[in-house]
Trainee: 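Input: one structure, supplied below.
We count ligands from 1, going down the list as the structure has it; atoms in each ligand are counted the same way. Computation of the quantities below employed the complete heavy-atom set of this structure, encompassing side-chain atoms and omitting hydrogens, waters and symmetry-equivalent molecules.
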Amino acid sequence: MMSDESYSPGSDLSSNDHQDNLQYSATKKYSRKVSQFKHKLRCSSEADVISMPRNRSYSASDSQDTGRIRYRSRSESKLTSTLTRVKQLQRIEKTAQIIDVEHFQKQLNTAHVCSGARLKFIPDTSAAVGLFHQNSFECSKCHKRTDASNFPPKNPIRSTVQEPNARLYAASAATGIGYEGISTLMASLCLSITTKKHFIQQTHTIHSNLHEFAQKQFQLLINNIRQSANIHDIDSVLNVYVSIDGTWKRRGHISNYGIVFLIHVETGYCIDYEVLSLRCETCDVKKSQLTAKQIESWFKSHKLSCSKNYDGTSKGMEAEGASRIFRRSLSKSLRYKWLVCDGDSSAYDRVKNIYIEQETADEDNTDDDPAQHDNELNTGFQEMISGVTLTAHDRKKMKTDGTIGTTGKSQQPKEAGRVRKTLVDGKPFGGSVGRMTDATMHKMSEMYGLAIRQGADEGQDLGEDEDEIVDRLQKKCLAAFHHLIVHENKEDQHYYCPDGALSWCSYKRDQVINKNEDEIKNKYRLDPVFLELLQKMINDLTSKELLSRCVRGLTQNSNESLNSVVWSILSKSKYHGFSSIQGAAAAASVYFNGGRSSLLEFFQQSGIEINEDLYLNLMAKDEKRIKKAEQIVEQRQILIANKSRQRLQSMQAANDTSEYGSGSFHD
Ligand SMILES: [Zn+2]
Ligand SMILES: [Zn+2]
Ligand SMILES: [Zn+2]
């Protein structure tokens, strides 16, 4: 499954760093190690003192030889004495091999040996390929040799990734521990691995396999989502609630890349992601080597594999990623109709018209009348819903801010197509006071967004369960809409508005002091004709279904968030190319959806047999995660119980005082 076609036999591409063959003498090995160390030292000291002249020499002996004044880097000064001491340390010749015990036993049991003779073990009869070693057993009498590799060989040996190496690459890709970490770990165990270049090539292959694996998993999840919605016809599109999670880029210092995840709110599964890259590592290298003209001709062949897939600011990545994900949703037979945002409106602004654009484009192709989408009312609603977003000021104020918006035109009232310039009361839709103006739209959408965010905050603070929070939200949202539309009966208009002297509703405030609300207030609200016109939209935007998805969208991911998994993978390695970031995104979504044990399926599909230790290791990680989640739920239950007891007590206390108060009044 994993093979490296570019590998050419005879090159040392896949041979080990320090153990090319048996003849490799200890002294050679030593000098090579020292020269490598010197090289590393040079690189790091260059980074330390950038103001030094480029042609400085670092070697103490060099400077003595030439007699010229040399600058010493600070790192060199610091390390020299240690280096001198360490060079005196006694080193031993020790190599190790990992052995597949069963396989080795079988070879030993069937090896040729003349009667009365012994078997001699000859290690590394040809150059080791990473962790894979070819050895021999030799009969002491007739010198006949029997092959004895440390793992079952896969042929052709040099161009196939051998089992121990495949396991190592897969583990590296899955955990994020890169070459630097792994090579030190292995060297400490007297094990030598392949060259860095080969290692990185192979982990790249795993990253793209992981990406494919994740995509297949998404498709299965989408099939399940569609099936549980009873949609079996391939051509029919299912409307779903989604949220996007694209905050990873703000966590780390890597702003050249960004990942946007799409989460299906109902199930909490991640069903798509997009990795955006502002740069391409191959291009960066070539740019330093070639002239502008050479690059131009080179790029033609590179274009398809270039990993720079985004040209913009790193701030705009989330919106662009969301836009790409939305654009391909219809090809997955899904329409991301409702988007629950975490307060950043830029992504919503980018996707809100995508389905209209796509449908308009389709209709253009079939010679339909595109003017239908062009009416004032339609645009009006679109803008209004899009206004349901957070301002920067709000975001600072809120603890858990969030908002919901619809994408596409299906949310619009059916009448939208019919109504053109005037409404049933003979006046136009927009323009003057009492009609739908930009200011009214803005106010209405802002109040709606605020109602959701504040309601969700209050509900959580009070330890309410989902149903209670949804009731709270619904009341607040209905208040926001009805308050702003003039009703025949003022009691109806402010039915949902909060009572009391501290209410935001002036009608209710005035009620407290037995005053009538100033008539001028209603002048700046929408004319009664809008009540019927907006009824469907109000019903849709305040439906319990929508609000409960909204609450779920705002409160999920607190457990093991995708971005924290991505970060935990990437933080273990210094090397972050496009491939490793896409691999981390794939791994994170796979873990997020199915736990660490999903990796077992990936390993198996990659031709790696599942061993008991690996199985137990990954299962234990998932059990830990489930336990942690259970604890969080438990703590939350306790909190809810405590809060409701407190509420009950304070209500009783209030009752007691009022009874006591009324009693004393009568006395
Ligand atoms: Zn023999
Ligand atoms: Zn490129
Ligand atoms: Zn009111």
Trainee: Run the side-chain hydrogen bond (donor to acceptor under 3.5 Å, both in side chains) test on Tyr169 and His207 for me, step by step, so that the C-alpha distance in whole Å, both residues' side-chain angles and the decisive distance to 0.1 Å come before the verdict.
Mentor: CA-CA 10 Å; Tyr169 302 142; His207 287 143; over 6 Å; no
Trainee: Do side-chain atoms of Thr125 reach the backbone of Gln134 as a donor and acceptor pair under 3.5 angstrom?
Mentor: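 At least one qualifying donor-acceptor pair exists.
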Trainee: Can you tell me if an N/O/S atom from His482 lies under 2.8 Å from the Zn ion (ligand 3)?
Mentor: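 Looking at His482, which is the residue asked about, there is no N, O or S atom under 2.8 Å from the Zn ion (ligand 3).
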Trainee: N/O/S of His143 less than 2.8 Å from the Zn ion (ligand 1)?
Mentor: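 No - counting backbone and side chain alike, His143 has no N, O or S atom under 2.8 Å.
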Trainee: In sequence, state the C-alpha distance, the side-chain angles, and the governing distance for His133 and Asp124, and then conclude on side-chain hydrogen bond (donor to acceptor under 3.5 Å, both in side chains).
Mentor: CA-CA 6 Å; His133 294 263; Asp124 291 309; 2.6 Å; yes
Trainee: Taking the Zn ion (ligand 2) as the vertex, what is the angle from SG of Cys306 to SG of Cys283, given to 10 degrees?
Mentor: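 Nearest ten degrees: 110°.
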Trainee: Can you tell me which N/O/S atom of His483 has the shortest distance to the Zn ion (ligand 3)?
Mentor: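 In His483, the heteroatom (N, O or S) nearest the Zn ion (ligand 3) is ND1.
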Trainee: Once rounded to 10 degrees, what value does the angle at the Zn ion (ligand 1) take between SG (Cys142) and SG (Cys139)?
Mentor: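 Once rounded, the angle between the two atoms at the Zn ion (ligand 1) is 110°.
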Trainee: Using atom types as modelled and distance alone, determine if a side-chain donor or acceptor of Ser323 lies under 3.5 Å from a backbone N or O of Ala319.
Mentor: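 Not at all, since once roles are kept as given, no pair shorter than 3.5 Å links the two residues.
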Trainee: Have a look at His302 and say which of its N, O or S atoms is nearest the Zn ion (ligand 2).
Mentor: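 Closest N, O or S atom of His302 to the Zn ion (ligand 2): NE2.
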Trainee: Can you tell me if Gln535 and Asn539 form a side-chain donor-acceptor pair at under 3.5 Å?
Mentor: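 Yes, Asn539 and Gln535 have a side-chain donor paired with an acceptor closer than 3.5 Å.
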Trainee: Should we count CD of Gln289 as having more than 12 external heavy atoms under 6.0 Å?
Mentor: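 Counting neighbours around CD of Gln289, more than 12 heavy atoms of other residues, nucleotides or ligands fall under 6.0 Å, so yes.
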Trainee: In His494, the N, O or S atom nearest to the Zn ion (ligand 3) is which?
Mentor: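 Sorting the N, O and S atoms of His494 by distance to the Zn ion (ligand 3) puts ND1 first.
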Trainee: Where the Zn ion (ligand 1) is the corner point, what angle links NE2 of His112 with SG of Cys114, to 10°?
Mentor: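 Rounded to 10°, it measures 110°.
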